[in-house]
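Reckoned from all heavy atoms, side chains included, excluding hydrogens, waters and symmetry mates. Everything numeric here is computed off the predicted structure, so don't read it as measured data.
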Amino acid sequence: GNRRSGYGISKYEGGDRHEGNYENNERHGLGVFLWADGDKYVGNFDRGVIHGHGRYEWNDGNVYVGDWQRGLMTGEGFLLKFQAQEELRGHFSNGLLHGWGKKQWSNGNSFEGYFRQGIQHGYGTMIVANNPHHVFEGMWQDDTLVGAGRFVIYNKDLRGRTKQTTW
């Protein structure tokens with residue numbers, strides 16, 4: 001039978017739609033996939049699966065821009081969680097921050113350091129955005145400071161008082 005290769009448009013049962021490149025009847029290369037529920041992906045496909053670099057917009061306002069492997073957010077990327085007003089950037093593995101990354105919460109607090117499966121784990125710095133600014137630096141395990149670390153309180157002119165401490 002005929003196998004589609006090159007540019008094409010497919011409409012699927014349920015209202016999903018793909019427009020882009022095909023190879024051997026599969027989405028392959030650049031394309032746009034629109035789901036009936038309002039989700040949208042613009043980027044690379046590999047043999048029918050989201051793979052490579054792309055932008056995914058969920059119907060709830062969340063947006064991920066970055067690397068994908070076999071349909072999962074894996075590699076360098078940026079995730080905006082719209083309703084939670086959180087920003088995550090760094091290295092993702094299977095949809096979670098894993099390795100070096102940065103997370104910022106809606107209250108202005110931020111953590112920059114190592115993550116393990118989405119959890120602060122390893123060396124990192126937590127900045128608490130209230131006034132005066134508080135900075136916690138040290139080793140983290142399962143979202144908790146452990147062992148020796150550094151705690152700095154900055155006043156309005158950003159001169160800090162440092163205290164070495166053990167958690």
Side-chain angles (χ1 to χ4, degrees), residues 16 18-21 27-35 37-156 158-160 162 165 167:
D16 296 347
H18 173 263
E19 183 173 343
N21 291 310
R27 296 180 296 275
H28 192 81
L30 286 176
V32 176
F33 198 100
L34 303 170
W35 282 264
D37 67 3
D39 287 3
K40 177 182 179 179
Y41 174 77
V42 178
N44 284 294
F45 291 85
D46 183 53
R47 290 170 284 171
V49 179
I50 292 173
H51 188 85
H53 191 80
R55 175 186 178 99
Y56 196 111
E57 300 174 15
W58 286 267
N59 62 17
D60 63 3
N62 293 350
V63 177
Y64 174 80
V65 179
D67 297 329
W68 295 81
Q69 287 187 12
R70 311 303 314 149
L72 296 171
M73 297 180 296
T74 299
E76 296 303 309
F78 171 79
L79 175 63
L80 172 64
K81 293 184 173 182
F82 180 73
Q83 292 175 343
Q85 294 186 349
E86 295 177 358
E87 294 180 10
L88 295 86
R89 67 177 67 239
H91 189 83
F92 287 79
S93 179
N94 297 325
L96 300 170
L97 275 176
H98 191 79
W100 189 262
K102 183 173 184 181
K103 180 174 182 177
Q104 184 155 349
W105 289 268
S106 60
N107 62 8
N109 293 355
S110 66
F111 175 83
E112 185 167 2
Y114 285 94
F115 289 82
R116 185 175 71 186
Q117 297 175 348
I119 295 171
Q120 296 157 206
H121 195 90
Y123 175 80
T125 303
M126 170 76 77
I127 298 174
V128 180
N130 61 7
N131 197 6
H133 294 287
H134 294 180
V135 177
F136 300 93
E137 182 180 327
M139 294 301 291
W140 296 75
Q141 186 172 339
D142 298 327
D143 280 344
T144 304
L145 271 169
V146 294
R150 199 166 68 105
F151 175 52
V152 182
I153 299 175
Y154 290 98
N155 56 22
K156 288 184 181 176
L158 294 180
R159 284 193 297 241
T162 300
T165 189
W167 312 107

Just by modelled atom types, is the Glu137 backbone N or O under 3.5 Å from a matching donor or acceptor in the Thr125 side chain?
no
Nearest heavy atoms of [X] and [Y], plus distance in Å:
X: Ser106; Y: Ala84; result: CB-O, 3.8 Å
X: Asp37; Y: Asn59; result: O-ND2, 2.8 Å
X: Asn107; Y: Ala129; result: O-CB, 3.9 Å
X: Gly71; Y: Val49; result: N-CG1, 3.4 Å
X: Gln83; Y: Asn62; result: N-OD1, 4.2 Å

Quick one about Gln69 and His51 (side-chain donor to acceptor, distance below 3.5 Å, no hydrogens or angles considered), yes or no?
no
Rounded to the nearest 0.5 Å, what separation is found between the [atom1] atom of [X] and the [atom2] atom of [Y]?
X: Arg55; Y: Tyr41; atom1: CZ; atom2: OH; value: 12.0 Å
X: Glu112; Y: Ile127; atom1: CD; atom2: CD1; value: 7.5 Å
X: Phe92; Y: Thr74; atom1: CZ; atom2: OG1; value: 10.0 Å
X: Ile119; Y: His98; atom1: CD1; atom2: NE2; value: 11.0 Å
X: Trp140; Y: Tyr123; atom1: CH2; atom2: OH; value: 11.0 Å
X: Leu34; Y: His18; atom1: CG; atom2: NE2; value: 9.5 Å

Evaluate Leu96 against Phe115 for side-chain contact (heavy atoms from CB on, under 4.5 Å), listing each step before the verdict.
CA-CA 9 Å; Leu96 300 170; Phe115 289 82; over 6 Å; no
Stepwise side-chain contact (heavy atoms from CB on, under 4.5 Å) test for Asn109 and Gln104:
CA-CA 6 Å; Asn109 293 355; Gln104 184 155 349; over 6 Å; no
Check the angle between the aromatic planes of Trp35 and Tyr56 and answer parallel, tilted or perpendicular using the 30° and 60° thresholds.
tilted
Evaluate the side-chain contact (heavy atoms from CB on, under 4.5 Å) criterion for residues Asp46 and Arg70: first the C-alpha distance (whole Å), next the side-chain angles of each, then the deciding distance (0.1 Å), finally the verdict.
CA-CA 8 Å; Asp46 183 53; Arg70 311 303 314 149; 3.0 Å; yes
Using a 6.0 Å cut-off, check whether atom CZ of Phe82 has over 12 heavy atoms from anything other than its own residue.
no
Would you say that more than 12 heavy atoms from the other residues, nucleotides or ligands in this model lie under 6.0 Å from the OH of Tyr114, or not?
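No, not enclosed.
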Would you confirm whether the ring centroid of Tyr64 sits within less than 6.0 angstrom of the ring centroid of Trp68?
yes
Test applied, side-chain hydrogen bond (donor to acceptor under 3.5 Å, both in side chains); reference residue, Glu76; option that passes from His53, Arg89, His91
His91
Can you tell whether the side chains of Lys81 and Asp60 come within less than 4.0 Å, N to carboxylate O?
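So Lys81 does not pair with Asp60 through a salt bridge.
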